[in-house]
S.K.: 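Here it is, the structure, as structure tokens.
Chain naming here is simple, since letters A, B, ... match the order of the sequence lines and numbering starts at 1 in each. On a predicted model such as this, the values are computed, not experimentally measured, just so you know.
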Amino acid sequence: MNKLLQFLLFTLLVGCAKEKRALVIQTDFGLKDGAVNEMKGVAFGIDPQLSIYDLTHEIPSYNIWEAGYRLYQAAPFWRAGTVFVSVVDPGVGTPRKSIVLRTLTDQFFVSPDNGTLTLIADNLGKKEVREIDEQRNRRPGSGASYTFHGRDVYVYTAARLASGKISFEEVGPLLKTELVRLDYQRPLLQNQICKGNIPVLDVQYGNVWTNINDSLIKKLNVAIGDKLLIEIKNKEMPVYTSTVPFVNTFGDVPDKTPLAYLNSLMNFSLALNMGNFADSFHISSGKDWTVQVRKAAQ
Amino acid sequence: MNKLLQFLLFTLLVGCAKEKRALVIQTDFGLKDGAVNEMKGVAFGIDPQLSIYDLTHEIPSYNIWEAGYRLYQAAPFWRAGTVFVSVVDPGVGTPRKSIVLRTLTDQFFVSPDNGTLTLIADNLGKKEVREIDEQRNRRPGSGASYTFHGRDVYVYTAARLASGKISFEEVGPLLKTELVRLDYQRPLLQNQICKGNIPVLDVQYGNVWTNINDSLIKKLNVAIGDKLLIEIKNKEMPVYTSTVPFVNTFGDVPDKTPLAYLNSLMNFSLALNMGNFADSFHISSGKDWTVQVRKAAQ
Amino acid sequence: MNKLLQFLLFTLLVGCAKEKRALVIQTDFGLKDGAVNEMKGVAFGIDPQLSIYDLTHEIPSYNIWEAGYRLYQAAPFWRAGTVFVSVVDPGVGTPRKSIVLRTLTDQFFVSPDNGTLTLIADNLGKKEVREIDEQRNRRPGSGASYTFHGRDVYVYTAARLASGKISFEEVGPLLKTELVRLDYQRPLLQNQICKGNIPVLDVQYGNVWTNINDSLIKKLNVAIGDKLLIEIKNKEMPVYTSTVPFVNTFGDVPDKTPLAYLNSLMNFSLALNMGNFADSFHISSGKDWTVQVRKAAQ
């Protein structure tokens, strides 16, 4: 076998051995215009072998909290090495920083430093945060454009990182400040009452999800079939107060009946079987919405 | 050439020779939250080389009939070996079965056994149906979760089947019962009248599609240009009665004029050129909507 | 090394050296039914190695102008060799031609010849236009179907071209006629007034985009911070007249304040910081909408 063939074979083997990495994109752009496609064109241009996936592009405009929640919801189901890029950026063009967070799970999150990564940092852990050096990590020829960092900086950097064209260190220097954080109510147990926040609705079905996980609920000493007293407030105003059964799944109660259950993230949730709980009882989500749960008289 | 290189080259050739298979996902989850992305993360985690495509995620909530219709509509355009996974599952968490149907076209359909696969079975033929053994075919660590079978059982099993990590036999035992079926009116010809059902609307344009195919229509002895007498009923109540020309395509009649044509599936359909037939005449779809077609006096 | 192994290795190297090409699909079909998925099934069937991307499927029904604008917006961010297929086709089934345009950027655009490619031809340049020979370039078995050219001719031809199964010449003969064009107002400068058209809205945010680029604006001798007098008309009727600051980005003005800026395509645009300019001032887009810009007294 001649030297050339040996070299080619070696190149080929190294190429095939390289793990294929996913690039997962999230924005508040919607899919009606060409913006998301432009971002994919840039990523494909950097490496045609990248696997590009959408998280969602339907984040409500400028809703940083929901962007953070969707990343937190999806990330645990992706491999180590996956690069997420989230562009929900009301401060585009102002001096807010652009960052890449490496988690303890060895996943990478590219985003403006505006609080989007609060829940990711809290739940997956911060290994290292770097500030994107926008001089070096910017799409060639895009310097004069002030308004599409998502394409010219964020996905450009994310795709180069995912494809191995740059190392994490080449993103830029370590972030010197603390991550910008969003304030939110942590779940807690006090006097046999669980208190928590409604971070998000399961919009498609109108289910109400809380940030109270199964282990906290178990400390109430409740079992499947028990009745729970639920109180939902918007700021200090009571919006919903009722007794609801704690069940495994929707079909365990009659149609149009409220139920409490653990959702697919093992968080305490409320639903109406074959109906829309949030619409029916005028419940929304955000930092001002709180839930209290206690064991009812059985 | 040393033994190691021979082995690597062989591995490489076998890898490249393996046919790349598609995984096609359908749900009623919408794309506003992270649910569909979680499913894709699980599939990518099983095999980064899989080609993952969306059918639609906009099936109306719990609409098993429409889920089945979309599979029937799309499947003929995909290769043998393609694995479809459809998660429209009002009975999630109840004792309904989880199945994989292998058709005579050697395509695979993963779904709850709730009637979704009625039209696929009728039209592509059943080669074999297996019940998913959820003990063996369940995402590791997901045992305690009762509510996201789409991610933890269906796409997990579908991706492992598509990537060759399990054989069809390893899905689980042959289904011992009959497939759950949805009742629907079959197309028929009686006394020179074609009778059929409106299985679905072409929602984007408001065209009305029927389950009467071209060969049945031909038995009415009609030619392009002929006038047809159309009668549409909801249950027994007449909703639309009119004479309509049978044409090749929309542009053959003036704007805002009704027409009858054969759609891309060669099924008899009704439309309004540059307009919305269904909205204009208050037509919907489902098992209670019937159409009668006969040749009018010319 | 035996001859067979040499041959296989060579085949493998040639296969790997082949550049992976993207196929980018745009339609007005929406994603609620199976139509887009059928197109992808056909493309995947032709070559499972193709990289298939969506531009958008939310082009308003039959809106040829917007289809053309989206292609113009996205194409510059994709590699040479990329094949775009756009199916917005109110004349489907009538004798309108099916064409493939090769631009000076060596990208390919597959579309009905109905004006969709006007902006692409004007901005990326025509290298060659061929008419699709629908006898040879049609999905086998689809001859009797009159209504889904998007699947049976357009994506079929586009996928075969992208995968190298046919050369550009094999698409069909050179187009003998001129491309069908849409009329639109070109940007111009007269008596220190820039005049242009509103080709499209940035729908997600309600920003108003014009076809006046940065170099024309610069001829007004304006600098960042200057005030501009803006006049927007629908046909000859004035709809909006006001003085607006020319800034780098949204955050440079208070909330709910109008601003003029250069968008990510370096075109002159108008917005309301944290608001919706188009809705607030009843502005839409299309050929009847014009903008005049002049430097205001500072």
Side-chain angles (χ1 to χ4, degrees), chain B residues 1 5-6 9-10 12-13 15-17 19-22 24-26 31 51 53-60 66 69-82 200-207 209 214 224 247-252 261-266 269 271 273-274 276, chain C residues 1-2 4-9 11-13 15-16 27-52 54 57-62 89-96 114 139 141-152 155-156:
Chain B
M1 197 159 80
L5 263 183
Q6 279 190 27
L9 180 56
F10 182 73
L12 204 58
L13 287 165
C16 284
E19 196 188 45
K20 203 178 176 185
R21 282 204 193 164
V24 178
I25 306 176
Q26 169 173 279
L31 291 169
S51 289
Y53 291 93
D54 299 306
L55 204 171
T56 177
H57 300 289
E58 307 295 337
I59 298 291
E66 187 165 324
Y69 192 82
R70 296 306 172 201
L71 292 172
Y72 153 74
Q73 185 185 16
F77 301 97
W78 288 89
R79 291 184 171 215
T82 297
V200 81
L201 299 177
D202 183 8
V203 279
Q204 185 81 349
Y205 301 106
N207 302 334
W209 288 9
D214 59 330
I224 292 297
V247 297
N248 276 326
T249 187
F250 295 19
D252 292 345
Y261 69 109
L262 297 174
N263 70 8
S264 51
L265 302 165
M266 298 307 284
S269 302
N273 185 26
M274 305 297 287
N276 188 310
Chain C
M1 195 161 78
N2 67 44
L4 177 63
L5 262 182
Q6 276 189 29
F7 170 74
L8 289 174
L9 180 55
T11 308
L12 203 58
L13 287 166
C16 284
T27 71
D28 61 355
F29 300 159
L31 290 168
K32 288 183 182 163
D33 66 17
V36 170
N37 182 263
E38 291 173 36
M39 292 175 67
K40 292 181 183 174
V42 168
F44 184 85
I46 286 164
D47 183 358
Q49 301 296 335
L50 274 179
S51 289
I52 304 174
D54 300 305
H57 300 289
E58 306 296 336
I59 298 290
S61 294
Y62 308 132
D89 191 11
V92 62
T94 64
R96 60 98 188 86
N114 59 13
R139 197 173 62 82
S142 67
S145 169
Y146 282 87
T147 51
F148 201 174
H149 279 214
R151 181 191 68 204
D152 300 330
V155 87
Y156 178 78

S.K.: With a 4.5 angstrom heavy-atom cut-off, could you sort out which part of B:Glu66 is near chain C: side chain, backbone, both or neither?
M.R.: side chain

S.K.: Quick one: what part of C:Phe29 sits under 4.5 Å from any heavy atom of chain B, side chain, backbone, both or neither?
M.R.: both

S.K.: When rounded to the nearest 0.5 angstrom, what distance separates NZ in C:Lys40 from CG in B:Leu55?
M.R.: 10.0 Å

S.K.: Nearest heavy-atom pair of B:Arg70 and C:Gly34: which atoms, and what distance?
M.R.: CD-N, 4.0 Å

S.K.: Looking only at heavy atoms, which two atoms of B:Ser51 and C:Pro48 are closest? And how far apart?
M.R.: OG-O, 4.1 Å

S.K.: Out of B:Gln26, B:Gln73, B:Glu58, which one racks up the most heavy-atom pairs below 4.5 Å with chain C?
M.R.: B:Gln73

S.K.: With a 4.5 angstrom heavy-atom cut-off, which part of B:Tyr205 approaches chain C: side chain, backbone, both or neither?
M.R.: side chain

S.K.: Rounded to the nearest 0.5 Å, how far does CG of B:Leu31 lie from CG of C:Leu31?
M.R.: 8.0 Å

S.K.: By ring pair (Phe, Tyr, Trp, His ring centres under 6.0 Å), which residues pair with B:Tyr53, not counting sequence neighbours?
M.R.: B:Trp78, C:Phe44

S.K.: Distance check, rounded to the nearest 0.5 Å: C:Asn37 atom CG versus B:Ile25 atom CD1?
M.R.: 11.0 Å

S.K.: Using non-hydrogen atoms only, which part of B:Asn273 is less than 4.5 Å away from chain C: side chain, backbone, both, or neither?
M.R.: neither

S.K.: Does B:Thr56 use its side chain to pair, donor to acceptor, with the backbone of C:Asp33 at less than 3.5 Å?
M.R.: no

S.K.: What part of B:Val200 is in contact with chain C, defined as an atom under 4.5 angstrom from a non-hydrogen atom: side chain, backbone, both or neither?
M.R.: neither

S.K.: Write down the atom of C:Gly45, the atom of B:Arg79, and the distance for their closest heavy-atom approach.
M.R.: O-NH2, 2.8 Å

